[in-house]
2 protein chains.
Amino acid sequence: MSLDVLEDRLREHGYRVTTQRRAVFDAVSALGHGTHEEILRHAQTVDASLNLSTVYRNLEVLEEIGLVRHAHLGHGSPTYHLADHHRHLHLVCSKCKEVLEVSVDTANPLVEELKTSHGFAVDIDHFAIQGLCSKCQS
Amino acid sequence: MSLDVLEDRLREHGYRVTTQRRAVFDAVSALGHGTHEEILRHAQTVDASLNLSTVYRNLEVLEEIGLVRHAHLGHGSPTYHLADHHRHLHLVCSKCKEVLEVSVDTANPLVEELKTSHGFAVDIDHFAIQGLCSKCQS
DNA sequence: GTCTATGCAAAGTTTTTGCACCTGG
DNA sequence: CCAGGTGCAAAAACTTTGCATAGAC
């Protein structure tokens with residue numbers, strides 16, 4: 001996704017195009033996924049005066065206009081990623097905290113069953129899946 | 001699960017049996033599931049001087065000895081429930097915030113696939129499943 | 001009597017908000 | 001210009017910690 005799309009989408013929704021919004025978007029793009037703090041740190045390499053509250057406010061805006069999404073991988077802060085970022089399920093080991101990434105297709109039977117029997121359109125990768133990895137089960 | 005089990009389990013692990021621990025356990029049991037604040041409010045109907053920090057500390061103890069577990073249903077605080085509480089998947093609508101409960105068996109194909117191909121032992125109901133309910137998809 | 005658990009208050013974290021100033025259009 | 005956006009600082013919300021005392025055993 002290019003910066004052109006960022007500008008267009010912002011304008012479409014009546015938001016202004018600012019250097020801070022570009023910096024936050026770039027940081028999310030470069031990081032793949034990151035928390036507010038991680039995004040701030042990365043974006044500050046471009047604009048050192050960028051403020052954490054601006055990161056909070058702009059991630060909200062970017063999410064509202066559909067360019068960015070967030071997921072909950074653990075008990076702490078959410079992580080943000082581009083909306084067209086490669087999607088995958090996150091398997092988080094509750095013991096060693098390792099995070100495995102597996103194809104979202106693995107969940108297709110569940111996704112389809114919930115759609116058929118409850119009419120629920122699942123966003124399967126919004127929350128991680130917790131459990132014990134093979135090493136921690138002994 | 002009765003209070004006898006609470007006492008036995010606490011003693012087994014070298015913890016003391018206190019009125020506060022009973023009150024917290026009772027509150028979780030009565031509420032089905034609740035956040036720290038909700039558990040505090042309920043437990044205070046029995047012991048008005050019960051402190052929030054005691055609720056935090058005791059939920060940690062009760063979880064450690066296996067009587068209580070927590071789940072993440074949304075972006076806020078976790079909710080606590082008895083370990084032998086009827087398990088179900090939580091489907092949370094990202095728009096209207098409604099929470100649907102469906103059988104954990106719905107996820108069996110996913111659970112088995114993750115076990116077979118990645119050796120990962122899923123705790124399927126630890127995190128909610130986000131999406132859009134049938135009403136909010138139009 | 002000993003040692004853990006509790007209440008209280010204070011500190012630590014994370015996120016939100018108010019406001020004066022700056023900036024995009 | 002002028003409305004919206006930003007930085008800064010303060011507040012709010014949430015969770016943890018230190019310590020003196022109460023209470024379990």
Side-chain angles (χ1 to χ4, degrees), chain A residues 3-4 6-28 34-65 67-68 70-80, chain B residues 3-4 6-28 34-65 67-68 70-80:
Chain A
L3 280 176
D4 301 349
L6 171 63
E7 300 198 7
D8 292 349
R9 205 72 77 86
L10 283 170
R11 292 210 176 87
E12 271 171 35
H13 287 77
Y15 289 113
R16 294 185 178 172
V17 180
T18 66
T19 54
Q20 290 88 343
R21 282 179 181 151
R22 271 194 259 262
V24 170
F25 182 81
D26 286 349
V28 175
T35 62
H36 293 98
E37 282 289 348
E38 290 163 346
I39 291 163
L40 175 69
R41 277 197 296 276
H42 190 281
Q44 280 184 335
T45 61
V46 176
D47 175 359
S49 68
L50 187 72
N51 194 272
L52 223 207
S53 59
T54 301
V55 173
Y56 273 91
R57 290 187 279 224
N58 283 340
L59 284 173
E60 197 177 331
V61 166
L62 294 176
E63 194 157 21
E64 186 207 324
I65 66 179
L67 293 181
V68 161
H70 74 270
H72 297 271
L73 303 192
H75 301 185
S77 323
T79 70
Y80 288 80
Chain B
L3 279 176
D4 299 352
L6 170 64
E7 299 197 7
D8 292 349
R9 205 72 78 86
L10 282 169
R11 291 211 175 86
E12 271 172 36
H13 286 79
Y15 289 113
R16 293 183 178 175
V17 179
T18 65
T19 55
Q20 290 88 342
R21 284 181 178 149
R22 272 195 257 262
V24 169
F25 182 82
D26 286 350
V28 174
T35 62
H36 293 99
E37 282 289 348
E38 290 163 348
I39 291 163
L40 174 69
R41 276 197 296 276
H42 190 279
Q44 280 184 335
T45 62
V46 176
D47 174 0
S49 69
L50 186 72
N51 195 273
L52 222 206
S53 59
T54 302
V55 173
Y56 273 89
R57 290 188 278 226
N58 284 340
L59 284 173
E60 196 177 333
V61 167
L62 294 176
E63 194 155 21
E64 185 208 325
I65 66 180
L67 293 181
V68 161
H70 73 269
H72 297 270
L73 303 192
H75 303 183
S77 324
T79 70
Y80 289 79

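Because only heavy atoms are used, hydrogens play no part in the values below, and waters and symmetry mates are left out as well, while side chains stay in. Here is the naming used below: chain letters follow the sequence lines, and residue numbers restart at 1 for every chain.
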Rounded to 10°, the helix from C:dG1-D:dC25 to C:dG25-D:dC1 deviates from straight, judged by its five-pair end axes, by 30°
Between B:H36 (NE2) and D:dA13 (C1'), how many Å, whole number? 14 Å
Given atom CZ of A:R21 and atom P of D:dG7, what is their separation to the nearest angstrom? 11 Å
Using the side chain to side chain donor-acceptor pair (under 3.5 Å) criterion, which residues pair with [X]? Sequence neighbours excluded.
X	value
B:E37	none
A:E64	A:Y15
A:S53	A:N51, A:R57
B:T19	none

Does any non-hydrogen side-chain atom of A:V24 lie less than 4.5 Å from one of A:L50? yes
Of all of residues 47-59 of chain A, which get a heavy atom below 4.0 angstrom from DNA chain D, listed by number? A:S49, A:L50, A:N51, A:S53, A:T54, A:R57, A:N58
Just the atom pairs and distances: protein N or O near nucleotides 23-25 of chain D's N or O, under 3.5 Å.
| residue | atom | partner | partner atom | Å |
| --- | --- | --- | --- | --- |
| D:dG23 | N2 | B:R16 | NH1 | 2.7 |
| D:dA24 | N3 | B:R16 | NH1 | 3.1 |
| D:dC25 | OP1 | B:V17 | N | 3.0 |

Ring pair (Phe, Tyr, Trp, His ring centres under 6.0 Å) partners of A:H70, counting only residues at least two apart: A:H72, A:Y80, A:H126, B:H75
Along DNA chain C, 5' to 3', what are the outermost nucleotides having an atom less than 4.0 Å from a heavy atom of chain A? C:dT15 to C:dG25
Output all residues satisfying salt bridge (Lys or Arg N to Asp or Glu O under 4.0 Å) with A:R16, sequence neighbours left out; order by chain, then residue number. none
Give each protein N/O atom lying under 3.5 Å from an N/O atom of nucleotides 20-22 of chain D, with the pair distance.
none

For DNA chain C, which residues in residues 38-45 of chain A have a heavy atom at a distance below 4.0 Å? none
